[in-house]
Amino acid sequence: MSANAYTQEQILSGLRIFWRERLGCRVPSDSDRSFIEHLKANGKVISEIDLIDYVPEALEFFFRFKCSPTEWESFLGLPIQDPNEWEKNTAPRLTFRALANFIRERLDPISFAPVTLLSKPCLTAGVFRGLEQLAEKIHPKVTKFAPSTPIRARLRGFRLLYFWSELRWIMEDQLPPQRQIAFRSWKFLNHLFVKLGIGSLIALCRGDLAGLLEGLAVTVLLFLPVGMVAAWINAQLNPLPKGIETFGDLAGVLAAIILDQQTEAASCSMP
């Protein structure tokens with residue numbers, strides 16, 4: 001856990017989580033594959049609008065960094081002047097590895113490196129200091145806390161979700177995803193939303209202003225509140241695994257994961 005930069009594998013872990021949980025497909029083991037081609041292979045339609053707006057905005061929100069539109073356009077080869085030329089020469093270089101490096105260069109890292117206590121390096125203390133930095137990044141006005149402080153006494157709701165989400169990719173996907181309620185009625189509501197939208201379109205084409213307004217009103221009154229309530233309920237759930245209540249508990253768990261990673265890396269490097 002370098003203090004100077006995240007590793008490429010940490011960012012790739014974040015991309016795997018993002019692709020799996022936000023886009024519904026898995027990142028291939030080959031990091032040198034084009035993510036444009038991978039999206040297409042998984043039935044995802046990627047347009048220039050997506051590349052300009054959705055993809056950069058979603059990745060910035062997930063990894064919590066800011067990047068100018070000019071930098072994104074330069075990386076993505078936008079605007080597209082010749083679609084055939086872009087598909088042939090630009091899309092192949094837009095690999096998961098290239099994307100990870102692009103993001104990595106723009107992140108301010110949180111360090112979990114050991115700190116020296118009583119002339120001895122202490123990994124758990126270093127992890128706790130990193131948790132302090134991450135909590136302040138998520139909530140700049142967070143009140144100072146000790147290892148014995150319950151995590152939910154300082155971070156709740158969406159802030160706790162963002163905190164846990166960032167920890168997951170920093171720890172290379174070694175932490176479980178946050179718990180969420182899956183609403184069985186979502187499929188029905190999506191169908192209802194589509195039907196109301198089609199009905200509103202027909203009303204608009206026929207010049208039926210009253211029908212149009214009625215369709216829009218029903219859509220807003222039925223669909224949006226349910227989505228807002230679902231998001232709010234999920235934000236109130238405790239994403240922390242059983243047995244982790246305080247920042248000290250979490251620091252101990254993360255330190256153990258880091259030690260396991262270091263041991264595995266050392267064994268893999270032995271001849």
Side-chain angles (χ1 to χ4, degrees), residues 1-7 9-11 13-14 16-18 21-22 58-66 103-104 106-181 228-263:
M1 297 287 177
S2 171
N4 299 319
Y6 290 118
T7 66
E9 184 53 41
Q10 284 175 302
I11 309 302
S13 294
R16 293 187 191 104
I17 294 171
F18 177 84
E21 298 179 5
R22 306 294 173 87
L59 287 172
E60 286 181 26
F61 182 81
F62 181 82
F63 285 99
R64 307 192 71 76
F65 74 102
K66 288 294 183 182
I103 295 171
R104 180 171 174 256
R106 289 158 177 81
L107 290 175
D108 294 324
I110 301 294
S111 173
F112 288 158
V115 298
T116 302
L117 295 177
L118 302 176
S119 302
K120 293 183 178 180
C122 179
L123 177 58
T124 303
V127 172
F128 177 77
R129 180 167 294 179
L131 292 176
E132 289 180 314
Q133 296 171 7
L134 181 56
E136 187 173 354
K137 175 184 176 182
I138 299 297
H139 183 18
K141 295 183 179 180
V142 66
T143 305
K144 293 293 183 181
F145 52 83
S148 59
T149 304
I151 298 171
R152 300 189 77 201
R154 293 294 183 270
L155 300 169
R156 296 185 71 88
F158 288 108
R159 290 190 179 114
L160 182 54
L161 290 181
Y162 300 152
F163 178 81
W164 191 254
S165 176
E166 189 146 348
L167 269 182
R168 287 181 64 203
W169 65 258
I170 290 175
M171 299 307 299
E172 299 182 19
D173 206 7
Q174 294 298 303
L175 295 173
Q178 53 267 37
R179 290 173 289 182
Q180 291 188 335
I181 294 176
M228 294 172 65
V229 170
W232 182 85
I233 291 176
N234 281 325
Q236 306 315 307
L237 295 177
N238 181 8
L240 303 174
K242 187 177 181 179
I244 298 179
E245 295 183 2
T246 69
F247 285 97
D249 294 336
L250 181 56
V253 170
L254 300 185
I257 293 175
I258 293 171
L259 285 174
D260 286 343
Q261 291 173 334
Q262 292 174 345
T263 300

### Query
Is the number of heavy atoms from other residues, nucleotides or ligands under 6.0 Å of R154 CZ greater than 12?
yes
### Query
If only atom types and distance count, is the side chain of R106 paired as donor or acceptor with the main-chain N or O of K66 below 3.5 Å?
no
## Note on the structure
In this structure, CG of L131 is separated from CZ of F247 (nearest 0.5 Å) by 7.0 Å
## Note on the structure
In short, V115 meets G126 closest at the heavy-atom pair CG2-N, 3.7 Å
#### Entry: Any side-chain donor near an acceptor of the partner, T263 and D260, under 3.5 Å
no
### Task
Check whether any side-chain N or O of T124 sits under 3.5 Å from a backbone N or O of A251 as a donor-acceptor pair, and report yes or no.
no
### Query
Nearest heavy-atom pair of R22 and S165: which atoms, and what distance?
NH2-OG, 4.5 Å
### Query
To the nearest 0.5 Å, how far apart are CG in L250 and CD1 in I151?
4.5 Å
### Closest contact, heavy atoms only, L107 versus F65
CD2-CB, 3.6 Å
## Note on the structure
Nearest heavy-atom approach of A5 to R104 is CB-NH2, 4.2 Å
### Task
Please determine if E9 and R16 form a salt bridge, counting it only when a charged side-chain N lies under 4.0 Å from a carboxylate O.
yes
### Query
Below 4.5 Å, heavy atoms only, C-beta onward: do I110 and Y6 meet side chain to side chain?
yes
### Message
A side-chain contact here means heavy atoms from C-beta on lying under 4.5 Å apart; do F145 and L155 qualify?
### Response
no
### Task
Grab the two heavy atoms, one from I138 and one from E166, that are nearest each other, plus how far apart they are.
CD1-OE1, 4.0 Å
### Task
Flag the pair F61 / F18 as yes when their ring centroid distance falls below 6.0 Å, and as no otherwise.
no
### Message
Distance check, rounded to the nearest 0.5 Å: Y162 atom OH versus H139 atom NE2?
### Response
13.5 Å
### For the student: nearest non-hydrogen atoms of W164 and P176, plus distance
NE1-O, 2.8 Å
### Query
Between L254 and L167, does a side chain to side chain contact (heavy atoms under 4.5 Å, CB included) hold up when you go through it step by step?
CA-CA 9 Å; L254 300 185; L167 269 182; 3.9 Å; yes
### Message
Working note: R152 + L240, criterion side chain to side chain contact (heavy atoms under 4.5 Å, CB included); need CA distance, chi angles, decisive distance, verdict.
### Response
CA-CA 9 Å; R152 300 189 77 201; L240 303 174; 4.3 Å; yes
### Message
Please check: side-chain N/O of Q10 versus main-chain N/O of I170, any donor-acceptor pairing under 3.5 Å?
### Response
yes
